[in-house]
Structure formats: C-alpha cells, structure tokens
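Accompanying notes for the structure given below.
Naming convention: chains lettered A, B, ... in sequence-line order (proteins, then strands); numbering from 1 in each chain.
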Amino acid sequence: MAPVATPFFFYFLSFLTLASAILVITRKNAVHSALALILGLLAQAGLYLMLYAPFVAGVQIILYAGGIMVLFLFVIMLVNLERAQKEEQFNRQWLAGILAAGALGALLVAVFLKGRALFPASTQPIAEASNTQQVGELLYGPYMFAFEIASLLLLVAMIGAVVMAKRRI
Amino acid sequence: MVPITTLHYLVVAAALFALGVIGVLTRRNVVIVLMSIELILNAVNLNLVAFSRLWGLHGQIFAIFVVTDAAAEAAVGLGILIAFFRNKETVNVDEVDLLKW
Amino acid sequence: MLESLTSYLTSNTTPGQAGNVLWALIYIFLVFGGVSLAVMAMNWLERKALAHFQVRLGPMRVGPHGLLQPIADAIKLLTKEDIIPDNADRLVFWTAPLIILCASFAVYVVIPFGPTHAITDLNIGILFMLGVSSLSVLGVVMAGWASNSHYPLIGSLRSSAQMISYEVAMGMAVVSAILMTSLNRSGTGTLSMIGIVEAQQQQQIWYLFKFFPLGFIAFLIFSIAMVAETNRAPFDLPEAESELTAGFHTEYSGLRWSLFMLGEYAAMIAVSSIAVTLWLGGWLRPFPHALSGETWDLVFSLIPGFIFLILAAVAFLGVVRMPKDPYFRVQTMGLAGFGFLLGLIGLVLFLGPVRERIQDIFWFTAKVAFFMYMYIWYRATFPRYRFDQLMRVGWKVLLPISLGVLIGTAIVGVVD
C-alpha cells in the first residue's frame with residue numbers, strides 16, 4: 001500500500017524532531033527538556049514507520065518514550081533542581097562547543113553528499129506485513145548471541161543502578 | 001516535489017547528532033547532558049534504520065540493540081547522578097572535580 | 001465522493017487499511033462518541049451499582065432513578081472555577097491531563113469491534129496498544145510534579161511506580177497469548193488485533209480455554225494487572241480519598257479533573273478490550289462450532305434484540321412502581337419514554353439486515369460491559385492494598401507466575 005502524503009509527513013516529523021532537540025538543549029527547566037525529548041522520540045517513531053520499520057517504532061515508543069523518559073522524570077523529581085535553575089546554564093566553552101559540533105555536522109553532510117553514488121540504485125522492497133516475523137527470525141537466528149549478551153547487560157545495569165542509588169549497601 | 005530519498009533521512013540524523021553534541025559540550029546540568037546523549041543515540045538509530053531500507057533488516061536489529069543499550073546506560077548514568085548528588089548537592093558538571101589536583 | 005461513500009460499504013477491510021480517509025474519520029467520530037457515551041453510562045452505573053452493593057439507593061433525584069446524573073455532573077464540572085496552584089508549572093500543569101487523555105484514546109484506533117469494524121488494523125497492533133497505554137504514566141508523573149504540593153507528588157510517584165510494575169506482568173501475559181496465535185496451520189503468529197481474533201476463530205477455541213489452565217491463568221494475571229494499571233480498586237491507594245486526598249489529581253478542579261476521569265474510564269474500557277480480544281474471542285459469538293448451523297445462528301442473532309426488550313421491560317416495571325404523587329409525574333413520564341426508546345431499539349435489532357451487521361459489535365460490547373461490571377464489583381468488594389503489599393504482589397507474585405505461564409505455553413505449544 002503506497003504511503004499517503006510522504007513528503008508532507010517527512011518534513012513535518014523531521015521538523016518536530018529537530019525542533020524538540022533544540023528545545024532539549026536550550027531549556028532552563030529540566031522537566032521541560034524531558035517533555036521536549038519525549039515529543040522528539042515520538043516523532044522519531046513516526047519516522048521509523050515511514051522507513052517501513054514498524055517493530056522498531058513500537059520498541060521506540062515502549063522502551064524509549066515509555067520507559068527511559070519515565071526514568072529520567074523520576075530522577076528529575078528526586079533530585080532537587082530548583083537551585084540549578086537559577087544558575088548559569090551554559091558553560092564557558094559554549095562557543096567552542098557549537099563550532100565543533102557545527103563542523104562535525106558539516107563534515108557528516110559532506111561525506112553523505114560525496115558518497116551518494118555508492119548507494120544502491122533502488123531501495124529493497126521490504127515487506128511491511130511480515131517485518132516483526134523477520135526481525136524475530138533474525139534475532140533468534142544469527143543474532144542469538146548478541147541477544148543473550150544484551151539481556152546479561154540489562155541485568156548488570158539493573159544491579160548497578162540499584163546498588164548505586166541505595167543509601168547503605 | 002523532490003521524492004524523499006535516504007539522503008534526506010541521513011541529513012536529519014546528522015543534524016540531530018550535531019544538536020546532541022552541542023548539548024553535551026555546552027550544558028552544565030548533568031541531566032540535560034544525559035538527555036543530549038540520548039539524542040545522539042537516536043540520531044545513530046535513525047541512520048541505521050534509514051540504511052536498513054537499502055540493505056536489509058540488519059540495521060533494524062542493530063537499532064533494537066542500541067535502544068536496549070541506551071536504556072541500560074541511562075539507568076546506570078542516573079544512578080551515578082543520584083549517588084553524586086547525595087554527596088555534593090549539585091548537578092553541575094563543572095563541580096564534579098573532587099579528583100582535580 | 002458519493003461513490004467512495006457507497007463503494008466502501010461493500011468492501012471487507014477496515015478503512016485504515018483501505019486508505020479511505022473519509023470512512024476512517026467517520027469511524028473515529030463514531031468510536032469517540034461511543035466511548036464518551038460509555039463513560040457517562042459507566043459513571044451512572046458505578047454510582048448505582050456501588051449503592052446497591054452497599055444497601056442504599058444511589059442517585060435517585062436528578063432523572064428517573066438518577067439516569068440524568070452524569071449530565072448534572074458534567075454541567076457542574078464545566079462551570080466550576082479553574083484553580084491553578086501558586087507556583088505550579090503552568091505548561092506542564094496544562095498538558096498532563098491532555099497526555100493521559102490522548103494516550104487513552106489513541107488506543108481505540110486498533111480495537112476491533114468486528115472483522116471489518118475497526119478504524120484500522122496495524123500489523124503491530126498489540127505492540128502499539130501496549131506502548132501507547134504506557135505513555136499515560138508520563139501524564140501521571142507530570143500531573144504530580146506540576147501541582148507543586150506534596151500530596152500530589154507522593155501520589156503520582158506511587159501511582160506511576162504501580163503502573164510500571166504491573167505493565168511487566170501485563171506484557172508477559174499478552175506475550176503468552178500471542179504465542180498461541182502461531183499454532184495454526186501456517187505456523188506464523190500475528191500481532192494484529194484482528195489477526196488474533198481470526199486465529200481464535202480458526203483454532204476454534206477461545207484462548208481462555210486453550211491449554212487449560214495456562215490460558216486461564218494468563219487471563220487472570222492480565223485481569224489483575226489491568227485493574228492495577230488503571231489505578232482502580234483494590235489497587236487505588238494513590239487516588240483514594242482517605243489516604244492521599246485524591247493523589248495526583250488533588251490540585252485539579254472542574255474541567256481538568258473531568259479530563260482525568262474521562263481518561264481513566266477510557267483506559268479501563270481500552271484494557272478491557274485488549275483482554276476481550278486476546279482471551280475472550282473478540283467479536284465471536286459463544287459456541288460458533290459446537291452450536292453451528294442456520295438455526296443456532298438465528299437464535300444467537302436474536303439475543304441483542306431480546307436483551308434490549310428485557311431492559312425496556314425493567315424500565316416499565318420501574319414506571320409501574322413509581323409513587324403516584326404528582327411530584328413524580330415528570331420522572332415517570334421520562335422513565336416511560338426511556339423504556340419506550342429501549343423497546344424501539346430492541347425491535348429495530350430484530351430486523352434482518354440490522355441483525356447481521358450488529359452481531360459482532362454486540363458480542364464485543366457485551367463482553368467489555370461484563371468487564372466493566374467486574375471493575376465495579378471489585379471496587380465494592382475488596383479492601384484496598386497497602387502500597388508495599390501492592391508492589392509485592394506485582395513483582396513477587398504476578399511476575400513469576402506470568403513467566404511460568406509463558407514458558408509453559410511455549411513448551412506445550414511445541415510439544416502438542
């Protein structure tokens with residue numbers, strides 16, 4: 001099924017993503033930054049849907065927007081940021097930081113433009129209906145080892161976070 | 001209208017990456033630095049998924065693993081933040097200088 | 001345009017799948033209106049049923065037997081003063097109920113009322129529903145934080161901790177039901193909501209009864225987790241009046257509080273719809289294969305009409321038992337009119353073409369209504385869980401059992 005109004009949705013969603021990213025790095029109030037990041041993550045899930053990746057979009061909504069951002073909001077509420085809001089928000093190297101990041105971004109775009117000829121001529125026809133099944137087959141097939149290591153990583157992270165946030169071990 | 005190609009997504013991802021790097025390098029609040037790191041990871045994810053459209057589903061698998069890693073890293077980073085905040089009552093990156101000579 | 005209107009009526013896909021924007025919008029309005037009506041009816045039913053459980057009468061004054069009470073409540077809430085606390089963060093205070101409302105209502109996009117009666121059918125339907133319903137945790141956290149007062153803060157922390165704890169057990173129970181969809185002839189499962197019900201139809205068994213008792217235990221885990229997920233009794237510590245003076249929505253008044261209530265009831269109906277779709281066979285009528293054939297189909301298709309006629313009879317019984325005092329004349333006439341309306345709907349549901357189209361929607365709605373009544377029953381019957389007991393049940397009881405059910409379902413599915 002042909003996607004509907006693709007350029008409009010692409011520009012709208014990418015505008016939302018970039019605008020929310022700018023809001024994240026410029027807001028004084030950390031809660032406002034977190035909310036802007038949530039909006040950006042949801043817009044990015046929409047971009048994944050446009051790239052025929054519904055499973056990754058679902059994972060993004062559940063894990064990133066519904067899990068990691070809840071964690072961020074909890075910590076922002078636990079840590080008293082009232083005093084931090086009245087302090088200076090940007091450090092002394094801000095100009096050097098912006099120039100460096102701008103140079104990096106320009107480098108990336110130059111690499112993409114130069115290497116455009118190396119992309120395949122046409123996109124592979126990815127079937128959207130069986131995306132979850134194919135992702136599952138890949139995860140439990142060739143990438144089984146990485147899957148198990150990732151679960152071990154999550155266990156270690158859980159134990160580490162609990163140990164570090166406890167008052168007395 | 002120009003049809004949307006992979007290059008469009010890559011440019012968006014590069015811009016997102018640059019904004020995340022700006023956030024990491026210029027902000028003093030640790031929580032916002034961590035959120036900028038999440039922006040960087042998202043830019044990488046967008047890049048991976050955009051390329052998986054050209055070369056098969058391996059990019060999407062990698063993107064799923066990146067999301068998992070981001071969750072683990074956010075949990076550990078925020079745990080460190082809480083532990084440090086309990087010691088020094090500040091969330092400024094500039095003041096994390098206990099080991100400075 | 002007229003052709004797109006009429007030609008869609010004879011197709012057999014959902015409007016979203018067919019790309020038909022006009023019919024999708026019509027379905028969206030129908031679902032939105034239906035859910036709002038259901039929330040008002042649920043409000044009335046809750047007060048009446050709770051009252052009858054507690055041997056009292058409930059609202060009786062506003063309309064005949066309190067039938068117009070939700071409208072009176074709505075008018076009161078709309079005309080109340082809108083108070084915002086002193087140092088509250090205005091932007092966050094304003095967006096928190098909107099997030100909960102949008103998250104609860106966005107779930108209705110994929111709920112299947114019939115094989116073609118859904119707004120759309122996503123390939124990742126269940127994943128989408130789980131993800132979007134977990135976004136309401138963000139609204140709860142924001143509401144508590146923005147109120148700038150300690151009762152809402154503690155209430156929102158407790159409520160969000162409870163919601164994310166029970167989401168894990170919910171997800172495991174859902175996965176064990178999804179595993180059962182792959183046991184059909186082609187060997188591939190599906191995450192789409194319509195696909196799950198069609199898998200139950202093809203395997204000729206509701207997943208509630210499959211691999212007994214595994215499907216049943218998964219259903220029980222999901223039922224308990226969904227009650228905790230929507231902050232309803234007996235898991236309503238974060239919003240109970242005697243504990244935390246209404247928890248995270250303490251500082252909200254008037255219209256904003258009604259948005260919270262709307263979001264909560266909509267979330268209740270949404271998770272009940274998930275339970276009905278996954279375990280109770282969605283829109284399938286009872287015994288489609290044991291009692292199959294023309295006559296049984298006819299008998300089952302007459303049930304909606306009969307139920308409405310019984311409701312009309314109950315309304316007329318109420319009319320007969322009204323006091324003969326002239327003060328009650330308007331109420332008596334109103335109740336008689338309501339009974340007449342119910343009878344008319346019942347008679348319309350006996351007509352042939354209406355009967356066929358209404359079958360799926362009726363059975364789905366009846367099962368969801370059963371769940372709604374169970375919610376009220378739980379609230380009237382069970383004492384409240386203390387917060388540490390609540391967390392213990394979520395992590396130490398439900399999660400191991402759901403893991404066991406998942407592994408058991410996988411093993412039995414492969415071996416069978």
Side-chain angles (χ1 to χ4, degrees), chain A residues 6-7 10 14 17-18 21-22 24-25 30 33-34 37 44 47-48 51-53 56 59-60 63-64 67-68 71-72 75-76 78-79 81 84 88-91 94 97-98 100-102 104-105 108-109 112 116 119-120 123-124 126 134-135 138-139 143 146 150 153-154 157 160-161 164-165, chain B residues 1 4 6-12 14-23 25-29 31-32 34-36 38-39 42 46 49-50 52-58 60-61 63-65 67-76 78-83 85-86 90-94:
Chain A
T6 309
F10 170 74
S14 52
T17 312
L18 292 174
I22 293 177
V24 167
I25 62 178
S33 288
L37 187 57
Q44 189 146 4
L47 281 174
Y48 290 158
L51 285 167
Y52 289 88
V56 183
V59 163
Q60 168 101 348
L63 287 191
Y64 244 123
I68 297 179
L71 180 63
F72 266 102
V75 170
I76 291 174
L78 280 175
V79 166
L81 293 176
E88 181 69 37
Q89 291 300 314
F90 294 89
N91 56 21
W94 63 275
I98 292 183
L104 181 61
L108 285 172
V109 174
F112 294 148
R116 208 190 332 198
F119 294 174
T123 54
Q124 271 194 11
I126 300 186
Q134 286 174 330
V135 165
L138 273 180
L139 267 181
Y143 292 101
L153 175 77
L154 283 173
M164 270 188 295
Chain B
M1 265 243 96
I4 304 293
T6 311
L7 190 64
H8 288 78
Y9 289 101
L10 297 184
V11 167
V12 172
L16 210 53
F17 190 88
L19 285 170
V21 170
I22 292 178
L25 291 179
T26 56
R27 289 300 300 246
R28 285 176 89 203
N29 194 339
V31 184
I32 301 197
L34 284 171
M35 284 198 262
S36 311
E38 301 296 330
L39 276 180
N42 266 305
L46 186 56
V49 176
S52 93
R53 183 97 170 77
L54 297 175
W55 276 308
L57 281 180
H58 304 273
Q60 294 183 20
I61 306 285
I64 295 175
F65 282 122
V67 174
T68 312
D69 279 336
E73 167 215 329
V76 172
L78 290 169
I80 294 178
L81 166 70
I82 292 182
F85 180 78
R86 208 174 285 136
T90 176
V91 286
N92 278 332
V93 191
D94 293 344

ask   = Any idea which of T17(A), L47(A), I22(A), L138(A) has the most non-hydrogen atom pairs under 4.5 angstrom with chain B?
value = L138(A)
task = Identify which of L153(A), V75(A), L108(A), I98(A) forms the greatest number of heavy-atom pairs closer than 4.5 Å to chain B.
result = V75(A)
Part of V91(B) within contact of chain A (heavy atom distance under 4.5 Å) = side chain
task = Could you tell me which non-hydrogen atom of F65(B) sits nearest to which non-hydrogen atom of A146(A), and how far apart they are?
result = CE2-O, 3.6 Å
note = Of S33(A), G105(A), A150(A), G67(A), the largest count of non-hydrogen pairs under 4.5 angstrom with chain B goes to S33(A)
query = Should the pair F10(A) and Y9(B) be assigned to parallel (<30°), tilted (30 to 60°) or perpendicular (>60°) ring geometry?
reply = perpendicular
key: Contact check, side chains of V31(B) and V79(A), non-hydrogen atoms, under 4.5 Å   = no
inquiry  = For the CD1 atom of I61(B) and the CG atom of L139(A), what is their distance to the nearest 0.5 Å?
reply    = 4.0 Å
Toward chain A, the part of L19(B) with a non-hydrogen atom under 4.5 Å = both
query = Going by heavy atoms in the side chains, are I80(B) and M164(A) under 4.5 Å from each other?
reply = yes
ask   = Distance only, no hydrogens: is a donor on one side chain within 3.5 Å (strictly under) of an acceptor on the other, for Q60(B) and Y48(A)?
value = no
note = Value for CG (L16(B)) from CG (L18(A)), rounded to nearest 0.5 Å, stands at 6.0 Å
ask   = With respect to chain A, which residue among A72(B), G23(B), A83(B), A74(B) yields the maximal number of heavy-atom pairs within a distance under 4.5 Å?
value = A72(B)
note = Note: vs chain A, highest number of non-hydrogen pairs under 4.5 angstrom among V49(B), V93(B), I64(B), V12(B) is V49(B)
ask   = Out of L37(A), V109(A), I76(A), which one racks up the most heavy-atom pairs below 4.5 Å with chain B?
value = L37(A)
query = Okay, side chain of R86(B), backbone of A165(A): is any donor-acceptor separation there less than 3.5 Å?
reply = yes
query = About how many Å separate OG1 of T6(B) and CG of L51(A), when rounded to the nearest 0.5 Å?
reply = 8.0 Å
inquiry  = Counting heavy-atom pairs closer than 4.5 Å to chain A, which one of L46(B), N92(B), L81(B) comes out on top?
reply    = L46(B)
ask   = At a heavy-atom separation under 4.5 Å, does E73(B) approach chain A through its side chain, its backbone, both, or neither?
value = neither
query = Is it the backbone or the side chain of N42(B) that comes under 4.5 Å from a heavy atom of chain A, or both, or neither?
reply = both
query = When only pairs under 4.5 Å are counted, which of V21(B), I82(B), V67(B) shares the most heavy-atom pairs with chain A?
reply = V67(B)
task = Supply the atom-to-atom distance N29(B) CG to N91(A) CG, rounded to the nearest 0.5 angstrom.
result = 11.5 Å
ask   = With only heavy atoms counted, which part of A63(B) is less than 4.5 Å from chain A, the side chain, the backbone, both or neither?
value = side chain
key: chain A contact via I4(B) - which portion, at a heavy-atom distance below 4.5 Å   = side chain
ask   = Non-hydrogen atoms of chain A under 4.5 Å away: do they reach the side chain of L34(B), the backbone, both or neither?
value = both
remark   = Hits for salt bridge (charged side-chain N to carboxylate O under 4.0 Å, His left out) against D69(B), two or more places apart or cross-chain, chain-then-number order -> none
message = Does the structure place the NZ or CZ of R27(B) under 6.0 Å from the centre of the six-membered ring of F90(A), at an angle of no more than 45° from the ring's axis?
response = yes
task = Calculate, to the nearest 0.5 Å, the distance between atoms CE and CD1 belonging to M35(B) and I68(A) respectively.
result = 12.5 Å
